[in-house]
Amino acid sequence: MSSQMFAEASGSGDGADYPNSVLGKAQLLLGAFESGAFELRLSELSRRSGVPKASAYRLAQELVQWGLLERRGDVYQLGMRVFELGQRVPVAAVLRRVARPLLIDLFAATRATIHLAVLDGGHVLYVEKVAGEANVHTHSLVGGRLPASCTATGKVLLATCPDREERLRRLALTGWPSLTPRTVGSVEDLRRQLEVVRERGYAVETEEILLGFGSMAVPVALADGTVVASVSAAAPLARLVTRRLLPELRATAAGIALAIDRRT
């Protein structure tokens, strides 16, 4: 998949119309980094955000003063202030703190790429990721997004969310990118998949994100039944063995849920 396709796939893309204001344009500038880019020149920042170059320059200078962007020569990157604020978001602060040791253990047991994700509109937001040096599932980044419709984590979260039909209705209106020839192609097909996920209690995605690879995911459900996240393992198809991965995934999800319940 080309970098341009991935940029389109991993942006917010939920049909949100940002106001034509300073704050709205600043949001668009910061959102230009959602595709995983670490550094952007002004022309690229303007193109990805849709903000005219002159306005992008003025706003970028203000964002640098606020610490939300940093400028190094002729390129911009996210500033440390973004990181500092991000660590105070409840989802990141609680989920990552309690989950990371368990996710590391899961990686050690499976040698798969491990993700922890939450639902964000029609996308999944990756809260944590654990992978080894041989990691090839490169389309996922901590803080990045992918369409919920074609990820195992997303299918689990969509299947268990109380407003599932409303989210599917929005997807039918906005559509979603086709990342590979195997990506689910319609809301009707997705709805059928979600019914299977609800029955089984886990989701499997096969080559919908990256050809030759797949992933398996389970929900992180608290004692009251609330699903707060999803844990997944991504690997080459030959290593995506349900009887081996599913018990490990479920044990990890249960451990995360228990740790959260103890804190509330």
Side-chain angles (χ1 to χ4, degrees), residues 12-16 85-107 110 112-130 140 142-172 176 184 187 190-205 215-234 242 245-264:
S12 57
D14 293 328
L85 293 172
Q87 299 308 298
R88 291 170 172 78
V89 175
V91 168
V94 176
L95 267 179
R96 293 187 73 183
R97 186 179 303 123
V98 303
R100 184 163 178 80
L102 295 167
L103 298 178
I104 291 173
D105 288 345
L106 179 60
F107 168 74
T110 64
T113 300
I114 307 302
H115 299 103
L116 181 70
V118 297
L119 198 58
D120 183 19
H123 288 68
V124 287
L125 171 66
Y126 291 102
V127 177
E128 188 57 275
K129 175 180 180 178
V130 181
S140 57
V142 174
R145 293 173 173 82
L146 282 175
S149 55
C150 56
T151 57
T153 50
K155 293 178 196 291
V156 162
L157 294 169
L158 286 173
T160 55
C161 69
D163 60 343
R164 177 174 64 259
E165 286 304 317
E166 174 60 21
R167 291 178 186 266
L168 291 178
R169 186 189 68 79
R170 291 177 185 172
L171 282 173
W176 56 81
V184 61
V187 170
L190 178 59
R191 182 178 283 108
R192 285 191 288 269
Q193 289 183 6
L194 297 183
E195 288 302 321
V196 173
V197 172
R198 284 176 62 84
E199 293 174 6
R200 292 178 174 176
Y202 68 93
V204 177
E205 164 270 311
S215 58
M216 183 178 299
V218 299
V220 177
L222 304 183
D224 64 1
T226 302
V227 174
V228 295
S230 180
V231 177
S232 73
T242 301
L245 292 176
L246 188 56
E248 299 283 358
L249 282 166
R250 283 178 166 162
T252 299
I256 294 171
L258 180 60
I260 294 174
D261 279 324
R262 285 174 174 169
R263 288 172 175 263
T264 58

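Nothing here was measured: the structure is a model prediction, and the numbers come from that model. One is the number of the first residue; the rest follow in order along the sequence.
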Find the distance between [atom1] ([X]) and [atom2] ([Y]) and round it off to the nearest 0.5 Å.
{"X": "Leu168", "Y": "Cys161", "atom1": "CG", "atom2": "SG", "answer": "7.5 Å"}
{"X": "Glu195", "Y": "Leu190", "atom1": "CD", "atom2": "CG", "answer": "10.5 Å"}
{"X": "Met216", "Y": "Leu246", "atom1": "CE", "atom2": "CG", "answer": "6.0 Å"}
{"X": "Thr252", "Y": "Ile104", "atom1": "OG1", "atom2": "CD1", "answer": "11.5 Å"}
{"X": "Ser232", "Y": "Ile114", "atom1": "OG", "atom2": "CD1", "answer": "7.0 Å"}

Looking only at heavy atoms, what is the nearest atom pair of [X] and [Y], with distance?
{"X": "Ala112", "Y": "Phe107", "value": "O-CD1, 3.0 Å"}
{"X": "Lys129", "Y": "Arg100", "value": "O-NH1, 3.9 Å"}
{"X": "Val227", "Y": "Pro219", "value": "CG1-CB, 3.9 Å"}
{"X": "Val156", "Y": "Ala203", "value": "CG2-CB, 3.5 Å"}
{"X": "His123", "Y": "Leu119", "value": "O-CD1, 3.5 Å"}
{"X": "Ala221", "Y": "Gly225", "value": "CB-O, 4.4 Å"}

Distance-only, no hydrogens or angles: does the [X] side chain make a donor-acceptor pair with backbone N or O of [Y] under 3.5 Å?
{"X": "Asp120", "Y": "Leu125", "result": "no"}
{"X": "Arg167", "Y": "Gly122", "result": "no"}
{"X": "Arg164", "Y": "Ala159", "result": "yes"}
{"X": "Ser215", "Y": "Ala233", "result": "no"}
{"X": "Lys155", "Y": "Ala148", "result": "no"}
{"X": "Thr226", "Y": "Leu222", "result": "no"}

- Please name all residues satisfying salt bridge (Lys or Arg N to Asp or Glu O under 4.0 Å) with Glu165, sequence neighbours left out, ordered by chain then number.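 Arg191.
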- Task: Report the residues that fulfil salt bridge (Lys or Arg N to Asp or Glu O under 4.0 Å) with Arg250, sequence neighbours left out, ordered by chain and then residue number.
- Result: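 Arg250 satisfies salt bridge (Lys or Arg N to Asp or Glu O under 4.0 Å) with no residue once adjacent residues are dropped.
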- side chain to side chain contact (heavy atoms under 4.5 Å, CB included) between Ile256 and Leu103: does it pass, once the steps are laid out? CA-CA 9 Å; Ile256 294 171; Leu103 298 178; 4.2 Å; yes
- Assess the side chains of Thr151 and Glu205: does a donor N or O sit below 3.5 Å from an acceptor N or O?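 Their side chains do not contain a donor-acceptor pair, so the 3.5 Å distance test is not met.
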- Of Arg192, Arg200, Arg198, the residue whose pairing with Val196 passes side-chain contact (heavy atoms from CB on, under 4.5 Å):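 Between Val196 and the candidates, side-chain contact (heavy atoms from CB on, under 4.5 Å) is satisfied uniquely by Arg200.
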- Task: In sequence, state the C-alpha distance, the side-chain angles, and the governing distance for Leu95 and Ile260, and then conclude on side chain to side chain contact (heavy atoms under 4.5 Å, CB included).
- Result: CA-CA 8 Å; Leu95 267 179; Ile260 294 174; 3.5 Å; yes
- Message: For a side chain to side chain contact (heavy atoms under 4.5 Å, CB included) check, start with the C-alpha distance between Val231 and Leu102, then their side-chain angles and the critical distance, and finish with the verdict.
- Response: CA-CA 11 Å; Val231 177; Leu102 295 167; over 6 Å; no
- Item | Test side chain to side chain contact (heavy atoms under 4.5 Å, CB included) applied to Glu248 - qualifying residues, sequence neighbours left out |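 Checked Glu248 against side chain to side chain contact (heavy atoms under 4.5 Å, CB included); matches are Leu106, Ala109, Thr110.
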